[in-house]
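Written below as C-alpha cells is the structure these notes are about.
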Amino acid sequence: MGQSRREFLKSTVGAPVLLSLGGAVPTFLARAAGAAKTENRTDRVLVVVQLSGGNDGLNTVAPYADDVYARKRSTLRLRSNDVLKIDDYVGFHPRMKGLSRLLKDGQLAIVQGIGCPGSDRSHPGAMRNWHTAQPNDPRCPTGWIGRTIDYASCKAQANTPGVFVGPIARPFALTAQNAIVPSIRSARQLTLRGKGAPSKRRTSDNPLENHVRNAIRGAHATSRRIRGLLADASRSGSYPSQGLGPHLKTVAELIAADVGIRIFFTELGGGGIGGFDNHAIQRDNHAALLGHLSASLAAFAADLSARKCLDRVALMTFSEFGRTLTENGRKGTGHGNAAPCFLMGSKVRAGLIGKHPPLTDLDNDAPRFHTDFRRLYATVLTGWLGLDSKPVLGADFKPLDLFVT
Amino acid sequence: MFRKRETLLIIPVLILSVLPLPVARAADALPARHELVPAGAVIVLNFSEPKAAFDLILRPKLIEAVESSPLYKAQVANKGFRQFRSLVRLLERRLETDWKSIVRRLGGGGATWAVGPGKSNLFIIDALDTKVLKEAHDLLLFLVESEAEKKGLPSRAGSTKYAGVTCWSLGPNEAHTIVGRRLMIANSPNILKAALDLRAKTGGKSIASLPAYQQAIKAAPSDAAATVYANTTVLKQIPPVAKALAGQNNPLIALLAAPITEALSNSTWLNISLTIKNDTLTLDAVSDGTLASTGAARFALPAKTSDGAMPNLKVPRRIAAMSLHRDLKGFYAAKDKLFGERTSGLIFFENMMGIFFTGRDLTQEVLAETGPKIRIVVAEQKYDPAAGKPSIRFPAFALVLPLKNPKKFSPVMEEAWQKAIGLVNFTRGQNAQPGLIIDRPVYRKTKYTVAAFTPPADDAPKDVDVRFNFRPTLAMTGNHVIFSSTDSLAKDIIDALAKEADRPTKPLAGMHSMLEMNGAQLDSIMEANRKNLVRQNMVEKGHTQQQAESEMDLLSAAIRTVSRVVLNIGTGKGRSKMSLEVHLNLPPAGSGEK
Amino acid sequence: MSSELQTRPWQRYEPSARCPWNLTRAAHLWRRAGFAATWEQLQTSLKAGPQKTIDTLLHPKGDVAAFNRTCDNYTRTVGSSEALRAWWLRRMIQTPHPLLEKMTLFWHDFFSVSAARGAGASQMREHVALLRAGAMGRFGSLMTAVSGDIATLLSLETKAIRKAKPDEALARHLLARYTLGAGAYTDKDVRETARAMTGWFVLRNQRRYFEREHDAGVKTVLGKTGKFNYADVVKIASEHPATARNIVRKLYRWFISEADEPTDALLAPLTESFARDFDVARLVETILRSNLFFSTGAIGRRIKRPVEFAVGIIRSLEASAGTTRLAADLASLGENLYYPPTGNGWAGGRYWINHATVIGRNNLAASLLSASGPYGGRCDPAAIALRHGQADAKAAGRFLASLLGGHDDEAFKRLWKDQPRGGSLSDRLRKFAYTLVTQPEFQLA
C-alpha cells in the first residue's frame, strides 16, 4: 500500500518539485510527500454522511429510561427491552445492530447534543447552515467542504481532493469558489474510456501547459489505479444493494485505490425527498432508514478493514436538525434542533461523548444543543485532517477530544 | 466465399418466404412440421397461415410507403442490403416472376422455427412448389461456390446422405436438406440429423408428443396465422428472465406487473398466437400459470370467477384508459414481498399520506376503504380560448376508485385533498410562484372541489404557462371518488359513471388488467405539441429543424398506422390469458394483389 | 519578446519574420475571438491576413440579427434553465458571430447571475438576452440594465432594501465585483451606496420601488455628493476610472493571458482609452488587433473552458451535437451555464484542470467522437477530411492534426506513429481525433 502510494505521488507530481516549492506546497500534498518519504502520518480520509430530512435523534439513540421521553412518545417510544443498550439511560434503536457492534469494538463515538445556534428549523435554512458553517450569513457563497478543498489545495496541483458520491444534486457543502468538485455515482466514472497513454514528460516555458501535462499524467495514473482495483472482483463487501450501501462501496474503492481524494461526502434520504423527515407514521420508515444506515456503515467498516485502510478513515454523520420530543397527532414528529452525530473509525475515542440533553429543559419542545456543530467540524478538520480550521470556519472553534493519538 | 453475415442474410429471405397459401397442400402430404421438432425445443415459432400475413404485408401501397420512408432509403445505402437485393433480382429473373410471388411461393406452405435446447436452431419451411425451392437452392449453392472460386478458396459447401436424403452444409454452423417442397435448415448437422431421425421415425421424441405442447396448441385459436410455444420451465431459469420475474423495487410496477410475473412464474408453458383478420392483429397469449390464492399477487385475483375489472370508462378525446382489478389494501399489506426496498420515494409517499390522512394507517385505515375496481383515464384537453393554451399541452388524467363506505370516508378524503393542495400552495408560495385557488362548484348534483390558478391578465393570452394544464379536482359521486388533473375531465367521468349506473354494467369475468389506446388521439396530442417536440428533438439530437420535423413526421405516421390497441389480461380456470388487439390503419387492401 | 512588443504592445499587429501570420496565429485568433475555426475559415484567414480577419470577426457577413431572432424564438417556450443551457450551446455552435457569444459568455462570468437562487427560466432568458444585447456596447448601459434586472436581484438574494436596513452586501457586490473592483473604494462608499439603493424591493419576483423606504438624504459616494438614488450610484460606479481598470484587467485575462498578472503600466493605454466612453467594442477590437494579442506571451496562455473545449471540437469538425446532453456533461466538467458556482464567477484558469476533469474531458471527447453512443456519431472526422479533399488515411490524419491542434508535420508523425493500425478509415480517424483533442496543447486556448 505504502509502496503504491509512493509511486502514485511520483507519477503525479515529482517529489523533488513538490519539496522545492517550499511554503507554497498545499497541506495535503506536503503531508503526502512527507508520507512518501517517511511513511509516518499517512493520508487520512474524512467521509461525511448527510442524513437528509432531520433525523430523529431521540429514537436513534433513545433515552429509554427517561420518564419524560416515555410520556411524550406514545406510539414511537422505544422501551428498555427494545433498545440495544448503551448505558442505563440511552440505547440504540433496535435496528442498529451494526453500529452497536462497532461501539463495542471501540470504533464508534456518539457525540451527543450537537446543534446549530439560531436555527429557524426549516429544511433549507437549517441545511444551509450545516452546509455553509456560517449560520449568521445566509448569503455565504461557499460550503465548508468546498472551502476546505479550496484552502487545502492550491493552483499548482491538479489532484481532486474532494468528491461527492451520490445520485442527487451536489449538496451545497461542496460548493467551492475555485476548485471543481466532482459529483460521481461510481468509481468507474473516474476512469478513462478512450485508449492512449499520456504524452512524454516535457517541460514547456508555458506554466499552464506544464500544469495540464501534470494533470494528464495524474489522470492516467488515477484511472489506471481505479481500473486495477475494480478488476479485482473478489471483493464486494456485504453492503445493502441500494441507497447508501453502494455509495459507501464506491467510497471504499476510491480510498483503497489511493488516488488522493481526502474528503468524501455522501447522503442518505434522497436529498430530503422522503428520508428522515418523518412527520407522520414515523415508526416503520424511520426504522428502515436506521437499519439501512447501520448496515451500510457496518459493511463499510468491515470492507475498509479487509482492505487494510480502516486506520486512515474517519466517518461522520450529520442531519440538519433533530426532532421534537412530543409526538404529533399523526404518529410523527416535528422539526427540532439538537441530535447526536456519529463518528466512526478505528482511531476515534469510542463511546458516548457529552451528555444527553436533559428532556426537562427543552427549546420549543426539542432537546437543546450544548455543543456547536462547528466544534465537530473543527475536530475533524484539525484533529483528523490536520488542517487549520479557522480559515474554513471563519473563527476559532475548540475541537472536541474525539481521536486517540 | 460467403462470410457468416452474408449467409445469415439469406436465411431470413428463406424464412420470410415461409408463409403458405392453403392450396395444393393435399397433393404431396408432408408430416406436420412440429413432428420433426425434437422435444427439447424451448421456443417453437410456427407460421401456419402465412397467406393472411402476406396479404397484410405485401399490399402495393404499403410496400410503396415503406420504400419511400427515410429508414428504407438509409438501408439502401447499406452494402449488405444492396447485395441482398441483387440476389433477389437474380432470382426474379430466373423464375420469371416478381419477388412478391417468390415470397408467397417459397413460404406459402408454412414454416416452423425451433430454438433450444441451448443454442440450437432449426427452421422448417414448406414451399408451395418444388420448383421455386430448387431454383433458390441452386442459386444459393452457385453463389457460395462462385464466391469461393473468386477468392481462390475451396468451397465449403458439401453434401452427404443421411436417412435417405441429401444434406448440404455451407459451413460448420449450417446444415440443410430438401425433402420435396420442404426445406429444413439447422445451425449444426446434429440438429438436422435429429429432425431427420424423427422424420424417419428411427428415434427420439418430437415436441408434438409432449402433453404440455399439445395443451398449448389446443389453447390457441384454430385460425391463428402464427403461434409461439415456449417451455417456461426452462425459460424461467435463464438469468435475465429469472431477474425480470423476481421482485420489483418500484411499487407502481409491482402493482401493475406482479399478477403477470407471478402467473408466468407459476407456469410450465406459454403459447402466443397471432391472428390476422380485417386489418386487425390479435396476439393471444395463454399459459397454464395462474395466480395462487396464497401468492403475493393475490391482490389482483377477483374473489369470484364471475368478477373482474370493469369495462374502461368512455370519455371524449380519450387517449388511453386502463381498468384494473386490484385490492390496494392487500397490495400494500404484501409490500415487503412485492417491493422490498424502502426507497426515498416510497418513504416520501408514506410521509405525505400520513400527513394528508392525519396519521391514519395507510394500509388498514386508508387503502382498506377503497374497492378493487380501479380505473384510469387519459384524455386530450380542450382549452378555454379566453384563458389561452399552455405552451406545452399535457393530457388530462384521472384516477377513479370506488369507496367502500362513501358516507364515512368522503369527509376524510376531502380533508386530505385540501391538505395536499395546501401543501402545494405552501411550497409554491415559498418560491414566489402563484398558488391554486379552491372552488366548490356543483355538476349534475355532485359537489366537487377544483383548485385552479388565476388566469393571466392579458386579453388574448397565447402560449400561457404550463401550469394552466392543471386544475386539480376531487369529485365524489355515488360510491366513486375521482382524482382528476382537470375539472373538465372530472365532469366527463361523472357523465360516464352516470351512464354506467343507468345501464348496470358488469365486470369482465376473470380480467384483472385492461388497457386501451387510441392512435389518432395520441397523434392529435403529439400534433398539438409538435412545435415543442420538434424543438426538443433539435437540442437532444443536434438536428436541424428540418431533420427534427421529418423525424416527427415518421413517428406520427407510425402512430397513425395503429388506430386502436386493446390489451386484456386475466386469469381463471387453470389458465392465464392475455389478448392484445392491434387495429391497423393500413392502405386499403382492395388494391391488394396485382 | 521583441522590442516592438515592449514599446508598443497595443499597436496593430503587422506580420513579420519573427512574428509571421501563420496557421498557429490564425487558429489562435479564432479560438480567442470565438470557439475555434473550420478549415475553410482558417484558409480564408491565412489569405486575408490578420486585420481583415478581425474585420470579419467584428462584423460578420451573415445575417446575425436574423440568426439571433430565430434562436430567441426557439427559446421562447423553454421552461427551465437546464433546457436554456442546451439552446445557448446550440447558439455557440451555430452562430455566424462567435465573438458576440464569446463576449456574452464573458459578461455571464462577469455578472455571475445564477438560476440557482430563485430566478426562473424566463428571467434567466431575459438576463442573458440583456447580456447579449449589451455585450459589445457601452458598459454603462449594460450595467444599468443588469442592475435593474430581476434575475440579477434574485441571484444576489435581494429582498427588501429598507431605509432602516440598507443592503451593504449588495452595495459591496456592486462596487467590488460589478464596477470598481476590490480595494478601489472605502467602507464609507459602501455605506453611502447602500443608502442610495434603499427603497427597492423584490416582491413575488417583481422589482418594486417604495418611495417611503428610500433614504432621500444627501450621500457622498466615490467623491461625489448629492441626493443619489439607485440609478445614480450605479451610474457613478460604472463611470469610475477604477471600473475601466477592473474591466480592462478582466478582458486581458479573457483574451490575452491567464498565466501572468499584467502591470497597471501595461494596461494604462487601454484603461485611459476605455475610461473615455466605456465602449466595449472598441476595447475588444484594440486588444484583438494588438501585437500583444499575437505574441507568444498570449498564444496558449489560457486554459480552454469546458465550453470552448467542446464547442471548439464541434465547430472545427463542422458538426452538430445534441446539446441537452452536452450541457450536462459540461456542467460536470465545472462549467454549468446559467449556474456559475458563486457570485464571483468561475475561478477558471488552472482550476479547470484537475485529475477528475481531465478524465471527464477525455471521456466527453470519446463520446463526441464515437461512431455511436449518446452523441450519435455526428462528429465525423473522416467526413470532414474527405470534404476537404483528404481521402487517404495518412493525409487525412495530417489534415486533422493541423485542424485540431495546429501540429506541424513532425508532431503529426510522432502522434500518428502511436496510433493503432487496422479498422475502417472512419474508425481510425475517430480514434486519432480523440488522441488530438486529449493532447495537453489542445486544452490550451
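Letters go in sequence order (proteins before strands), and every chain restarts at 1.
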Q: Go through V259(A) and H355(C) one step at a time and tell me if the side chain to side chain contact (heavy atoms under 4.5 Å, CB included) criterion holds.
A: CA-CA 9 Å; V259(A) 291; H355(C) 297 170; over 6 Å; no
Q: Locate the shortest heavy-atom distance separating R139(A) from D167(C); write the atom from each residue and the value.
A: NH2-OD2, 2.6 Å
Q) If you draw a 6.0 Å radius around CZ in R188(A), do more than 12 non-hydrogen atoms from other residues or ligands fall strictly inside? A) no
Q) Could you give the distance from CG (D150(A)) to OH (Y351(C)), rounded to the nearest 0.5 Å? A) 6.5 Å
Q: Specify which of L192(A), T191(A), V212(A), N178(A) makes the most heavy-atom pairs with chain C at under 4.5 Å.
A: N178(A)
**Q.** Part of P198(A) within contact of chain C (heavy atom distance under 4.5 Å)
**A.** neither
Q: Could I get the full list of ring pair (Phe, Tyr, Trp, His ring centres under 6.0 Å) partners for F164(A), not counting sequence neighbours?
A: none
Q: Could you tell me which portion of A176(A) (side chain, backbone, both or neither) has an atom closer than 4.5 angstrom to a non-hydrogen atom of chain C?
A: backbone
Q.
Is T142(A) close to chain C through its backbone or its side chain, or both, or neither, when contacts mean heavy atoms under 4.5 Å?
A. side chain
Q) Looking at Q439(C), E441(C), Q443(C), which one forms a side-chain contact (heavy atoms from CB on, under 4.5 Å) with R213(A)? A) E441(C)
Q) Where does P182(A) contact chain C at under 4.5 Å (heavy atoms): side chain, backbone, both or neither? A) side chain
Q. Quick one: ring pair (Phe, Tyr, Trp, His ring centres under 6.0 Å) partners of F201(C), sequence neighbours excluded?
A. F210(C)
Q | Under 4.5 Å from any heavy atom of chain A - which part of T435(C) | A | neither
Q.
If I measure from the heavy atoms of chain C, does S204(A) come under 4.5 Å with its side chain, its backbone, both, or neither?
A. neither
Q: Report the distance from atom CG of L444(C) to atom CD of E209(A), rounding to the nearest 0.5 Å.
A: 5.5 Å
Q: Examine whether an atom of R361(C) lies under 4.5 Å from a heavy atom of chain A, and if so say whether it belongs to the side chain, the backbone or both; otherwise answer neither.
A: neither
Q | Selection from V358(C), D418(C), T438(C), I359(C) maximising heavy-atom pairs under 4.5 Å formed with chain A | A | I359(C)
Q) Heavy-atom distance under 4.5 Å to chain A: side chain of L415(C), backbone, both or neither? A) neither
**Q.** Region of E157(C) that comes under 4.5 Å of a non-hydrogen atom in chain A
**A.** both
Q | Backbone N/O of A356(C) and side chain of T160(A): donor-acceptor pair under 3.5 Å | A | yes
Q.
I'd like to verify something: which residue of A197(A), S223(A), G146(A), P207(A) has the highest number of heavy-atom pairs under 4.5 Å with chain C?
A. P207(A)
Q) So what's closer than 4.5 Å to chain A heavy atoms on W346(C): side chain, backbone, both or neither? A) neither
Q | Nearest heavy-atom neighbours spanning L208(A) and G300(C) | A | CD1-O, 4.3 Å
Q. At their closest point, which heavy atom of P141(A) faces which heavy atom of T342(C), and how far apart are they?
A. O-CG2, 3.6 Å
Q: Please look at L369(C) and chain A and tell me whether the side chain, the backbone, both or neither of the residue comes under 4.5 angstrom of a heavy atom of that chain.
A: neither
(Q) Give me the atom names and distance for the closest heavy-atom approach of R301(C) to N206(A). (A) NH1-CB, 3.3 Å
(Q) Working to the nearest 0.5 angstrom, can you tell me the gap between K195(A) NZ and Q419(C) CD? (A) 12.0 Å
Q) Is a side-chain donor or acceptor of H211(A) paired with a backbone partner of I303(C) at a separation under 3.5 angstrom? A) no
Q | Minimum-distance pair of heavy atoms, taken over all atoms of G194(A) and N363(C) | A | N-OD1, 4.3 Å
Q. Any donor and acceptor pair, going by atom type alone, linking the side chain of N354(C) with main-chain N or O of I180(A) inside 3.5 Å?
A. yes
